[in-house]
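We name chains A, B, ... by the order of the sequence lines, and we start the count at 1 in each one.
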Amino acid sequence: MNLLEELNDKQYEAVVNTEGPCLIIAGAGSGKTKVLTHKIAYLISEKNIKPWDILAITFTNKAANEMKSRVQNLIGDAVLDMWIGTFHSICVRILRKQIERIGFSKDFIIFDTSDQKTLIKNIIKNANLDDKIYSDKSVMYEISKAKNEMQDTDEYKKKVKGDFRREKIAELYSEYQKKLKENNAIDFDDIINFTIKILKENDDLLSYYGNKFKYVLVDEYQDTNKAQFILVSMLASVNKNITVVGDNDQGIYSFRGADISNILNFEKDFPGSRIIKLEQNYRCTQSILDAANEVIKNNETKYEKKLWTKNDKGNKPQIFRAETEYDEANYIVSQINLLKIQEYYKYKDFAILYRMNSQSRAIEDIFRRENIPYKIVGGLKFYERKEIKDIIAYLRLIQNSSDNLSLNRIINEPKRGIGKTSLSNVEDLSNKNSISMYEIIKDAAKYGLNRIYTSAKDFVDMIEELKKVKNSIKISELITMTLEKSGYLESLKKENTIEAESRIENLDEFLTVAMEYEEQAAEPSLNEFLEGITLSSDVDDLDDDGNSVTLMTLHSAKGLEFPIVFLVGMEEGIFPGYRTISSGDPNEMEEERRLCYVGITRAKEYLFFTCSKRRTIFGSTSYNEVSRFIKEIPKDMLDGYDNIENQDFITKDSYDIEWTYKNNYTKEKEKSDFIHSDNSNSTFKFRSAESFLKSLNVKKDAEDIDLSKYKAGVRVYHKKFGEGTINYVEEEGDDFKVDIEFEKFGHKRLMARFAGLEIVE
DNA sequence: AAAACGCCGGTTTTT
DNA sequence: CCGGCGTTTT
């Protein structure tokens, strides 16, 4: 059947060997998703395995969704009965059924990283410890590490005996778990660990799930941590049909607990396993692949592999060394424009990859000035915005009144005259009486809280009113009602600043998210909605529609591909980073090198390396050598190598540019923000919201729109600004600047290609 | 209780 | 340089 015909020999082998443990080492661009999806399809359609007996685990929602839709293309709706999801979503699914076995109630909530941080901070403060020695960051790291290594509070306590500092941290850890439980909450690590705990302590469940999952498949296996490894082993323990796919050369997440030895030890952990290497690359040109191989061969890897391709040789990767980071950005712009004109590439074909988010600044400045549309992945995220967190806190409190964290967040937001002192009283009373802070406030009179009595009563009345209606009205209605009754919206409106306006816009967007959810969900519920938000996040939906250059970190780029890639900041101290160099740890350096390998192999057709002689970062300027990773590629395999050693190389007015942007930054930014407002900024602002529902309306491909229809006097509709009338149209390059008088937002000038204007009949 | 000031720290990121 | 957070000021 054609399911197998499309596969090369190795891929075929990986697909049809369904029985027993199987490790697939899949090089970059070698078709690993294809193998996974075809294997699932093969199991169902050829081996007659029931979809609900198959478990497929990924790391991101994006990967899970992609896998789902690709399997669906192969075998249709049977995929809906499968267990496909992230580690976390699959465990939550199990926990929602079984968590009572470890004494939590089924409507537990999930604390995200920032909730976690807030809670830990409180605990450190209450314990009267020096927060220099016990910083929230280090304590959080220590606790998470313990959880990653599957040590519960008792085991951790035993382990650190004799180490004064960590003994204290053990106390904090216990207190932290206690508080979580009081809030009926679990954190991300608990999601995995509690699932394991339940399986360990309940033979009936271990045997139920173990027997249920006849086939287990795990994607990105090099990114698993110890807990995830144990979970997978348990779920596959009965049938032993486990397929894992990964690439040890792409392990770039050890800093968050990923343990590359999981993939290296697979044969030991799962005796009798079969190992298949996918080495044919379908993505990159030969020249790009050569460069990647040259870099990665400097690592000592256990699974030697050498990627090859039948693709054309292509152009040599280019290297360019600029004077400053602004010059570097100018070079990028010139190359983008050149390729656009000469080879008809579109903006969306380009990606700029950097080591640190802060590197995007200079590039953004120049892109704005040069009118290059762009979108940024990462950085500020939608759900991390204050106003979004606030409305979520309201909803959480309505859903679960024992959520003290949320109460703390919004009780005085907007200002209700319930300040620090009163709140800490409430907190003490809550601890003393072992009831939630909300209950205390509800009975303010009984506890002698006369000072805040009136405002507390108003607050409680409002929440109670919302609780009453929450199941009978739509979530979007609940949100609107909450924003009104709480006075939140009103206080924002009163502020009357641009910032407040943008907050209101974001809240509107949040409302849209809720409405989309209602339409999409089988049985919409507030709890499911909130859970979806916590478990969803960013990078998930880098849609290839729209038309802008993508800017992101190398980490975010994993799993993606672009026709043209710029790897910027190829400098000692930037990439590899200063910390890695000064640590002297060869393992860390190898991870940086893997990151470089990941970056190079994102490029399909053109690859540019850029670096700068001089760079201002965190306010001070440093002079950097060219990255060692560049030097690992033989000179004759790169174009422009001469430039990087020519110290006299001077580009046009680099000082001028630097000066201009340092001094006029704000002005420039404001000016260009509105020209790009519909393009760069809004995409970036709302990306996460889109990712959560991933069903948002597809934008028109801006490059194919008919610009001639915009004329003076024509009525148009803009997504954000509403309806307006065109005053005049001005030609600018290959685009038109349209001057519009909007009814609600006044006078704006927008670039026609990017504005997404619709003609109003 | 809320605004203003001043210091520190600062890869990478999913869920 | 820039944001977060704790402290001081009004």
Side-chain angles (χ1 to χ4, degrees), chain A residues 57-64 85-92 110-118 121 125 131-132 135-137 144 148 186-192 220 223-225 227-228 251-258 325 353-359 361-362 377-381 383-384 386 412-423 451-452 455 531-540 552-559 569 573-583 588 591-592 594-596 598-599 615-621 661-662 665-666 688 691-692:
Chain A
I57 310 178
T58 63
F59 271 83
T60 63
N61 293 308
K62 182 188 178 185
T86 62
F87 272 100
H88 295 265
S89 71
I90 280 165
C91 288
V92 167
I110 300 162
F111 270 16
D112 66 22
T113 319
S114 72
D115 300 325
Q116 206 181 348
K117 200 169 160 195
T118 315
K121 246 188 224 167
K125 209 162 49 186
D131 59 8
K132 291 254 155 50
S135 69
D136 46 339
K137 228 185 136 185
S144 180
N148 272 297
I186 69 178
D187 68 18
F188 284 135
D189 295 323
D190 289 337
I191 293 177
I192 313 284
E220 303 281 16
D223 287 341
T224 49
N225 62 27
Q228 287 158 341
I252 53 174
Y253 283 112
S254 72
F255 68 91
R256 67 173 193 218
E325 65 268 31
L353 310 183
Y354 37 78
R355 183 66 236 272
M356 298 180 281
N357 284 309
S358 56
Q359 287 173 257
R361 249 299 280 286
V377 176
L380 276 154
K381 285 161 201 159
Y383 292 115
E384 279 170 15
K386 183 185 181 306
N412 207 27
E413 196 69 58
K415 305 280 180 267
R416 296 187 176 88
I418 304 181
K420 255 189 281 182
T421 337
S422 319
L423 257 184
R451 182 99 176 263
I452 57 165
S455 42
E531 177 178 305
I533 287 169
T534 314
L535 290 180
S536 88
S537 102
D538 215 38
V539 201
D540 287 352
M552 67 183 142
T553 63
L554 287 152
H555 281 89
S556 308
K558 198 171 97 166
I574 302 288
F575 187 36
Y578 167 73
R579 291 167 101 105
T580 306
I581 295 171
S582 54
S583 79
E588 278 190 37
E591 181 144 325
E592 292 280 291
R594 290 194 290 270
L595 194 55
C596 185
V598 167
R615 181 181 298 275
T616 307
I617 212 129
F618 299 143
S620 61
T621 304
Y661 280 99
K662 278 196 183 132
Y665 176 70
T666 326
S688 293
S691 89
F692 171 50

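For Thr60(A), taking side-chain heavy atoms from C-beta onward, the closest of the listed nucleotides dT13(B), dC2(C), dT15(B) is dT15(B).
The closest side-chain heavy-atom distance from Phe111(A) to Thr118(A) is not below 4.5 Å.
Partners of Asp112(A) according to the salt bridge (charged side-chain N to carboxylate O under 4.0 Å, His left out) rule, which considers only residues two or more places apart in sequence or in another chain, do not exist here. Scanning for salt bridge (charged side-chain N to carboxylate O under 4.0 Å, His left out) contacts around Arg615(A) gives Glu328(A), Glu571(A), with sequence neighbours left out. Residues satisfying the salt bridge (charged side-chain N to carboxylate O under 4.0 Å, His left out) test with Glu588(A), not counting sequence neighbours, are none. Asn148(A) pairs by the side-chain contact (heavy atoms from CB on, under 4.5 Å) definition with Ser144(A), Asp189(A), Asn225(A), not counting sequence neighbours. For Phe575(A), the ring-ring contact (aromatic ring centres under 6.0 Å, His included) test picks out Phe629(A), with sequence neighbours left out. Applying the side-chain hydrogen bond (donor to acceptor under 3.5 Å, both in side chains) test to Thr58(A) and every residue at least two apart in sequence or in another chain returns nothing. For Ser455(A), the side-chain hydrogen bond (donor to acceptor under 3.5 Å, both in side chains) criterion is met by no residue, not counting sequence neighbours. Residues meeting the salt bridge (charged side-chain N to carboxylate O under 4.0 Å, His left out) test with Lys386(A), sequence neighbours left out: Asp390(A), Glu413(A). Remark: Ser422(A) pairs with no residue by the side-chain hydrogen bond (donor to acceptor under 3.5 Å, both in side chains) rule, at least two apart or across chains.
At whole-Å resolution of the value, CD in Glu413(A) and P in dA1(B) are 14 Å apart. The nearest whole Å value for the distance from the CZ atom in Phe188(A) to the P atom in dT13(B) is 16 Å. With rounding to whole Å, Ile110(A) atom CD1 is found 13 Å from dT14(B) atom C1'. With rounding to whole Å, Glu220(A) atom CD is found 15 Å from dT15(B) atom C1'. Atom CD in Glu591(A) sits roughly 13 Å away from atom P in dT13(B) (whole-Å rounding). Atom-to-atom, NE2 of His88(A) to P of dT15(B) comes out at 8 Å; the value is rounded to the nearest Å. When the P atom of dT15(B) is taken as reference, atom CZ of Phe59(A) falls 10 Å away, rounded to whole Å. The distance from atom CD of Gln359(A) to atom C1' of dT12(B) is 11 Å, rounded to the nearest whole Å.
Taking syn as a glycosidic angle within 90° of 0, dT11(B) qualifies as syn.
Note on Phe87(A): nothing from the nucleic acid sits closer than 4.0 angstrom, heavy atoms only.
Each of Leu554(A) and Ile452(A) has a nearest nucleotide on DNA chain B; the 5'-most of these lies closest to Ile452(A).
Ring geometry, Phe188(A) versus His88(A): the interplanar angle exceeds 60°, so the pair is classed perpendicular (tilted spans 30 to 60°).
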Please list, pair by pair, any protein nitrogen or oxygen found under 3.5 Å from a nitrogen or oxygen in nucleotides 5-7 of chain C.
unit_1	atom_1	unit_2	atom_2	d
dC5(C)	OP1	Lys121(A)	NZ	2.9

Enumerate the protein-to-nucleotides 2-11 of chain B contacts in which both atoms are nitrogen or oxygen and the separation is below 3.5 Å.
unit_1	atom_1	unit_2	atom_2	d
dA2(B)	OP2	Asn412(A)	ND2	3.1

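Of the side-chain N and O atoms in Thr553(A), one or more sit less than 4.0 angstrom from OP1 or OP2 of dT13(B). Look at Thr113(A) and you won't find any side-chain N or O under 4.0 angstrom from OP1 or OP2 of dT14(B).
Side-chain atoms of Arg355(A) do not come within 3.5 Å of backbone N or O of Ile574(A) as any donor-acceptor pair.
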Quiz item: What dot-bracket string describes DNA chain B from 5' to 3', counting Watson-Crick and G-U wobble pairs whose defining distances are under 3.5 Å, with [ ] for crossing pairs and | for pairs to another strand?
Solution: ||||||||||.....
